[in-house]
Protein chains: 2
Amino acid sequence: MTAEKVVSSRTRHAILGGLAHEAASGYEIRKFLSETTSHFWKEGYGQIYPTLERLVEEKLIEVASREAGGRERVRYRILPAGSVELRTWIRSPRFQLKSGRNELLLKLFFARRDDAAALLPQIQEYRVSMQKTAGIYSAFDLDADEIPDDSRSLIATTIDYSKAAARMQIEWCERTLDLLASLAKAD
Amino acid sequence: MTAEKVVSSRTRHAILGGLAHEAASGYEIRKFLSETTSHFWKEGYGQIYPTLERLVEEKLIEVASREAGGRERVRYRILPAGSVELRTWIRSPRFQLKSGRNELLLKLFFARRDDAAALLPQIQEYRVSMQKTAGIYSAFDLDADEIPDDSRSLIATTIDYSKAAARMQIEWCERTLDLLASLAKAD
DNA sequence: TTTAAATATATCAAAAGAATACATTGACAC
DNA sequence: GTGTCAATGTATTCTTTTGATATATTTAAA
């Protein structure tokens, strides 16, 4: 009774995508993802390492090199079957959206007028952090050499998204700050 | 050695907020949240039921009524200490943002030109679902009786946010559809 | 009036995320 | 040179969150 565990996780595809780019260790994959997709996709080690082992078992990737001695480092490389799986996923008409969590909006939802003064600086902080984010994406250099020409314009759409999201949030902050200021003034 | 488990979870505040509105069971709390805050905050049963027990232990809420017989239904009510905790949280200058996951953007990030044709209908579907969402928020009635006047304009800011987010995503879909169409045409 | 569908309640396993542990390298002060 | 500290690289473990499923009850339908 070796019941196969069903893996519905999308982590496998994020990893395959990363390895399609180049062979890497779990640590490097996470670094790559957090530098490129973190605005809409993040992975943690706790997810990456077990999934790598799983992908090896499934023969979608293989160990490319293994350095021992105290700290060990295992690099993985994608196999042809892995590339097929990646492309199948990209083209299959199923995808999942999971909205994030915004604690500040939750506070606003439960707040009363007399909380307005305390909320004001929190929204200012939010705006600052969004402005920082917007700056990062504006400075993003799509002409960088490592990006294959073939996918450049597709990647551009994800950056477009992040920029638009940041801008939208900044504008919301501004509208909301105005409102809170008027509430706070009217005590 | 009864080491107190530290609860850093924000679920407690979502629950306290819900109960501040009116006494309710775990099921009802979840229903309330999913009808009102689901665009920026969701809770599942797996989180709600254990947290309710915890909050009772901490004397922030209490059991208001308990119906037995086969299926049991326990309603909880917020205590003064719970209200204080809720307000303290709203005013404290700490909040956490957790960006969601967008599998479609992940696909676009890893895609190549020749995937464009397969991605096109996926983005169309995305646009439709966003249009539906936008419709819901536009129709939202803030003048409904149950909403206390005191927090009406604060709640309005969260709806403003959701509307703006939906609009932004629809516009992104339109830009992206144009691009993909041109890529797909050029084979 | 039995059956089917919708609603209400709760549990549990899987996935995701956060915190931590430990190893190596490099830079700098002495 | 050498001891100390910080930065980086690697991985594990634990907690929180999510999702699927089980079970009971009520309502609607046939």
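Order of the sequence lines fixes the chain letters, A, B, ..., with proteins taken first and strands second; residue numbering starts at 1 for each chain.
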**Q** Is there a side-chain contact between A:T11 and the phosphate of C:dA16, meaning an N or O under 4.0 Å from OP1 or OP2?
**A** yes
**Q** Does D:dT18 have its OP1 or OP2 closer than 4.0 Å to a side-chain nitrogen or oxygen of A:R101?
**A**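 So the side chain of A:R101 is within the cut-off, an N or O lying under 4.0 Å from OP1 or OP2 of D:dT18.
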**Q** Taking ring pair (Phe, Tyr, Trp, His ring centres under 6.0 Å) as the cut-off, I'd like each qualifying pair that reaches into residues 94-123 of chain A, sequence neighbours left out, listed once.
**A**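 Matches after skipping sequence neighbours: none remain.
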**Q** Expressed in angstrom and rounded to an integer, what is the separation of B:R10 atom CZ from D:dT16 atom C1'?
**A**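 Going from CZ in B:R10 over to C1' in D:dT16 covers 10 Å.
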**Q** Nearest whole angstrom, please: distance from the P of C:dC22 to the OH of A:Y49.
**A** 16 Å
**Q** With no hydrogens and no angle check, do the side chains of A:Q96 and B:R101 hold a donor and an acceptor under 3.5 Å apart?
**A** no
**Q** List for me each residue that meets side-chain contact (heavy atoms from CB on, under 4.5 Å) alongside A:A164, sequence neighbours excluded, and say none if there are none.
**A**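 Here the qualifying residues are B:M168, B:R175.
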**Q** Output the rounded distance in Å from CG (A:L97) to P (C:dA16).
**A**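 Rounded to whole Å, this separation is 14 Å.
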**Q** If I take atom CD1 in residue B:I48 and atom C1' in nucleotide C:dA8, what distance separates them, rounded to the nearest angstrom?
**A**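 Going from B:I48 (CD1) to C:dA8 (C1'), I get 13 Å.
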**Q** Figure out the NZ/C1' separation between A:K31 and D:dG9, and round it to whole Å.
**A**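 Result: 9 Å.
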**Q** Within this structure, what is the CD-to-C1' distance between A:Q47 and D:dA11, rounded to whole angstrom?
**A**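 Atom CD in A:Q47 sits about 15 Å away from atom C1' in D:dA11.
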**Q** When the nearest nucleotide of DNA chain D is assigned to B:Q96 and to A:Y45 on a heavy-atom basis, which residue is associated with the more 5' position?
**A**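 The 5'-side residue here is A:Y45.
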**Q** How long is the line joining OH of B:Y27 and P of C:dA8, in whole Å?
**A** 4 Å
**Q** For the pair A:R30 and A:E35, find out whether any cationic side-chain nitrogen is under 4.0 Å from an anionic carboxylate oxygen.
**A**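 No salt bridge links A:R30 with A:E35.
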**Q** Is there a side-chain contact between A:R73 and the phosphate of D:dG9, meaning an N or O under 4.0 Å from OP1 or OP2?
**A**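 Answer no for this pair, as no side-chain N or O of A:R73 is under 4.0 Å from OP1 or OP2.
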**Q** Select from A:G44 and B:E53 the residue whose nearest nucleotide in DNA chain C is closer to the 5' end of that strand.
**A**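 Its nearest nucleotide being more 5', the pick is B:E53.
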**Q** Judged by each residue's nearest nucleotide on DNA chain C, which is more toward the 5′ side, B:G26 or A:W41?
**A** B:G26
**Q** Is it the case that the side chains of B:E174 and B:W172 hold a donor-acceptor pair, with the cut-off being a distance below 3.5 Å and no angle test?
**A** no
**Q** Rounded to the Å, how far apart are B:R75 CZ and C:dA8 P?
**A**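 These atoms are roughly 10 Å apart.
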**Q** Phosphate oxygens OP1/OP2 of C:dT9: is one of them under 4.0 Å from a side-chain N or O of B:S25?
**A** yes
**Q** With sugar-phosphate meaning primed atoms plus P, OP1 and OP2, does B:E43 contact a base, only sugar-phosphate, or nothing at under 4.0 Å between heavy atoms?
**A**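 It contacts nothing in the nucleic acid.
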